[in-house]
4 protein chains.
Amino acid sequence: MSPKQWEVVYAGRMSAAAKQTGRAAPRGRMDKRQAILAAAFDVFARRGYAQAGVDEVAAEAGVAKATVYNHFGDKETLLREAIAASAEEATAKNLAAVERLVDSGGDPRELLEDVGFRLIQCYCDEQSWALRRLLYAELAHLPDLLEIVQVRASARVRQALADRLARLALAGRLRITDPDAAVEQLSALLTGPLEARAEWGTRRLSAAEMRQVATAAIDTFLHAFGSRA
Amino acid sequence: MSPKQWEVVYAGRMSAAAKQTGRAAPRGRMDKRQAILAAAFDVFARRGYAQAGVDEVAAEAGVAKATVYNHFGDKETLLREAIAASAEEATAKNLAAVERLVDSGGDPRELLEDVGFRLIQCYCDEQSWALRRLLYAELAHLPDLLEIVQVRASARVRQALADRLARLALAGRLRITDPDAAVEQLSALLTGPLEARAEWGTRRLSAAEMRQVATAAIDTFLHAFGSRA
Amino acid sequence: MSPKQWEVVYAGRMSAAAKQTGRAAPRGRMDKRQAILAAAFDVFARRGYAQAGVDEVAAEAGVAKATVYNHFGDKETLLREAIAASAEEATAKNLAAVERLVDSGGDPRELLEDVGFRLIQCYCDEQSWALRRLLYAELAHLPDLLEIVQVRASARVRQALADRLARLALAGRLRITDPDAAVEQLSALLTGPLEARAEWGTRRLSAAEMRQVATAAIDTFLHAFGSRA
Amino acid sequence: MSPKQWEVVYAGRMSAAAKQTGRAAPRGRMDKRQAILAAAFDVFARRGYAQAGVDEVAAEAGVAKATVYNHFGDKETLLREAIAASAEEATAKNLAAVERLVDSGGDPRELLEDVGFRLIQCYCDEQSWALRRLLYAELAHLPDLLEIVQVRASARVRQALADRLARLALAGRLRITDPDAAVEQLSALLTGPLEARAEWGTRRLSAAEMRQVATAAIDTFLHAFGSRA
DNA sequence: TATGAATGAGTATTCATTCAT
DNA sequence: TATGAATGAATACTCATTCAT
C-alpha cells in the first residue's frame, strides 16, 4: 500500500472541527498530530513496533523527531494512540456493516449473506490485518491494548450484531435462544476460514472468494439457527 | 514456563537412536543445540523477536553467546528454526488428537465433542499461543515463515481431519459432500470463539469453558452436517 | 561541505590566527567536528585503523560515540576525512617550504640546502610519519585514499617544486632540461635516506642529522644539475 | 598475484631436509608449518594484520584453526614469523642482484644500470610491496619488527652494496670516499621515485619504466661519483 | 510548538584463544 | 599433532530520548 493511499485512508480521521470548517481551516495544529498518527500506524504496521524507528515515523510524517516527542511523550504512547485511532476507524466500518442487518420480511438468508460479506470485507482490509498483527505481537507486552481491542472494538461489534440477531429472532426469522452464543458461532464461521485462505494477511482475497466464504458460513449458520431448522 | 518443563517438552525431540539406547547416546553435541532452540523459543515468545536479546537466549540455554552463533549463524535463522521446531511439536499434538476420530458405531456427537475438546486444548496451550503470536508478528517481515505454518503445520492437520470426516461420512455417520469445506467450518467453529474468550492468549481457559466451546461447535456442526440433519 | 570550506576550516586549526582575530565567531557547531577529526587522526595514528575504537576517538574528542556517527556516518568515512584533513595540512607546510625557493642571485647551493632542510623537516614531522603509516597500511583496502595522497598532496608539492626549479634554470642557476625529472631526483635524494635513518618513523632525527642529509642530497643534485656541472 | 603464484613463491621456502630428499619426502610435518606461514603472509598482505582472521589463514592453509595455534602460539607470533620468512626471501633476491656488481673493466655505467634495474625489480615485486605495507602498518605496535627489516634485511643489502662500490672505487671506476654515503645516495635515487610511480604499490610498473628509473638514477649517481666527474 | 544536535544505554556480531578428544 | 566446539572480550553501529534555541 502506497503512502498516497494511506493519506486517503487517514483523511477520514480528521477532527470533527476540521471537517466542519470545510477542509483544513485551522491548520498548523491538529494537522501535524494527525500526520504523525497516520505515519506511526503505517510504519508500525510495516516494520513492527520494535523494528520501527521514531526517526522513520517522523520522516514519513514530515516533522522533526523531537516534534513526535512533543506530541506523544514516548514511543509506547505513540503506538497506543495510533492503534486506538485505527481500531476506532475499523470498528466504525464494522458497525456500519452490522447496521444493514434489518428485517425486510421473508427469508433472511440473502440479508445475512450480504452483511456477512461486508464484515468479511472489513476483516480482510489491509489496515485490519495490520491492526491484528500489531495487537497479536504486542498484546503480551502491553496488556492494556486488550481494552482497546476488546472493549472498544470487538465487543461493540458483537453487541450490535447480537442486538440485530435478537430482533430477527423476535420477528420469527431465526430460531435463537441465546443471541450471544449465536453471534459467537456466526463470527467464528465468517472469520475463521479467512486466516488460512488469506495466508495470514499476506494474500489478497478476491471478492468472489469472500462471497463464497460468506455463503458457506451463512448456510451452516442457518442450519443451526434458521427458523425452519 | 520453567526450564524443567521445557526439557520434558523437548525430550520428544531426541533422535530415535537416543531413545533406544536409553540415555541419549550421541550426547554432548545435540544437547546444546536443543537447549538453545528451547531457550530461543521461550525468550522470543516472552519478549517478542526484536526485543529479545541473543544474550538472553544464550544465558537461558546455559551456553555462551558465541555458541549460539556457531550453531545458527544469526538471530533470524535462530527464530526460524525455533519456530519450525515448535510448530512441528504442536502439529504432532494436533495430529494425535485427530487420530482419535474413528467411528465406533452409533451417534458421532460424543466422539466429535471429545476430539473437538482435545483440539481446543492444543489450540489453547501456552506454547501454541506463543507460536501464533510470533507468527503473526513476524510473518510480514519473514514471509517464508508462512511455509512452516501453512504447509508443514496447518495444512497437515486439516488434511488429516478431512480424511477422518470423509470416513465417517462413508460410514453414514455424517452427511458431507465436500470434506474440505466441512473441515473449514468445523475448524472455524472450534477455534473462532477462542480468540475472544481467551482474550488473545492472555487469559487461561478452564476445561469447562473449553468443553462448552466444543459442545456448541459440534452442535452447530451437526446441524449442518449430521446424518439426521 | 565543499573542499573550499575545508581549507578555510583547517587554516583555523592553527588557532593562533583564529584566536587573534577575535572570539571564534562561528563556534558551537564546527568545533565538535574539528575535535572529532583531530582526535580521530590521533587515535588512528597511534593504534592503526582497525585497532582503533570509535569509542576511543569519541572519548578523546570529548563527545559521545553517537555524535561521531552523526557527523561521519561510519568509521571508514571518519578515517578518510581525518586523513584528508591531515594531508591538506601537511601539504600546506610543504608548499610553504617550497615557496622559499626564489633566486637571490649567485650560487643556489645554500638556498637549495635551506629548502631541502625544511622539506626534510616536514617529512620527519611526527604527523607526517603517522600519515604515511596510515596510508601505507590502508591503501590496499581503501584505494580512493590514493587520490588524496597523490593528486591533492604529493603532486601539488612536486608541481610547485618543478616550477621553482624551472625558474632557477631559466635564470641560469641550474642546468635542467626536464624539471619533472629533476624534481624526481631531488625528492628521492632528500627523502630516500630518511626511511632508514629515522628507522621508519620510530626514531627522532636531530636537526644536525637532517641538515646533513640535506647537504648530501643537494651536493649530489648539484653535481648532476648545477650550472657548472 | 594469484594464489597459485604464491604457492610457487613459497615452494622455495621448503626446509633444507625437504630439499635434500628431493621433493617432499618427509611430508606430514614441516609441510603444514610452511603452508601456514605462506597462507599467513598471503592473508596478512591482502587484509592487513588486524583485519585478517586466523580462521582465514587456517582455511587457506588447509588446516584447522587450532593447528595454527599449536604451531605458533598466537597471532602476533604468526605475523612475526611470516614477515621474517618473507623478508629473508626478499633479502636473498636483493643480495643476488648486488652480487652481479663486479668490475668487468671499463665504464661501469652499464653494469650499474643493470644492477640498479634488478634492484628496482626486487623492490617492485608484489611480495615486496606487501612486506613494506605490513611493516609500515605494524612497526608502531610491534617495534621488534624493526630488527627484522633493518638488521636482517635492509642493512645486509646496504652493506653488500657498499662493499661492491668500495671495490669499484678501489679499481678506479668510481670516485668514492665514503662508500656508505654513496650507497645511501644510490639507494635513494633507485627506490625514491618508485613510490609515486607505482602509486604506492597499487600499480604495476612496466620493465621499460623500471629501466628508465634505473638509467636516470645511475646518471645522477655517476655525475656525483663517476671517476670522470 | 518545532527543531537540530547530542547522548547513554543497548545489541548483533566477530574473533583470538582454549579445551576435550 | 590435529581438530571441532566452546567461549569471553571486544566493537561498530543504532535508537529512544533529551536539551538548547
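Throughout, a chain's letter reflects where its sequence line sits, starting with A, and its residues are numbered from 1.
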Do the side chains of D/Glu81 and D/Arg33 get nearer than 4.5 Å, heavy atoms only?
-> yes
Nearest nucleotide by nearest heavy atom, which residue falls closer to the 5' end of DNA chain E, C/Val63 or D/Asp74?
-> C/Val63
Whole-Å distance, A/His71 NE2 to E/dT1 C1', equals 7 Å
Side-chain atoms of A/Ala66 come closest, of E/dT3, E/dA12, E/dG8, to E/dT3
Between atom CZ in B/Arg47 and atom P in E/dG10, what is the gap in whole Å?
-> 12 Å
Using a strict cut-off of less than 4.0 Å between a Lys/Arg side-chain nitrogen and an Asp/Glu carboxylate oxygen, indicate whether D/Arg80 and D/Glu138 qualify as a salt bridge.
-> no
Calculate the interatomic distance between D/Asn70 atom CG and E/dT18 atom P; express it in whole Å.
-> 11 Å
Spacing between B/Asp31 atom CG and F/dA5 atom C1', to the nearest angstrom | 14 Å
When the distance from OH of D/Tyr69 to P of F/dA2 is rounded to whole Å, what number comes out?
-> 16 Å
Now, which nucleotide makes the Watson-Crick or G-U wobble pair with E/dA20, with each of the two distances under 3.5 Å?
-> F/dT3
Checking N1-N3 plus N6-O4 or O6-N4 for Watson-Crick, or N1-O2 and O6-N3 for wobble, each under 3.5 Å, the partner of F/dC13 is E/dG10
For C/Ala58, which contact category applies under a 4.0 Å heavy-atom criterion: base, sugar-phosphate, or nothing?
-> nothing
Check step by step if salt bridge (charged side-chain N to carboxylate O under 4.0 Å, His left out) holds for D/Glu56 and D/Lys65.
-> CA-CA 9 Å; D/Glu56 208 177 345; D/Lys65 192 169 25 166; over 6 Å; no
Nucleotide F/dC15, atom P - distance to NZ of C/Lys65 in whole Å = 14 Å
Under-4.0 Å side-chain N/O to phosphate OP1/OP2 contact, D/Thr67 with F/dT1 | no
Determine whether A/Phe44 and A/Lys75 make a side-chain contact, defined as any pair of heavy atoms from C-beta on separated by less than 4.5 Å.
-> yes
C/Asp74 and C/Thr77: side chain donor to acceptor below 3.5 Å = yes
NZ of A/Lys75 versus P of F/dC15: gap in Å, rounded?
-> 9 Å
B/Asp55 CG to F/dG8 P, in whole Å, measures 12 Å
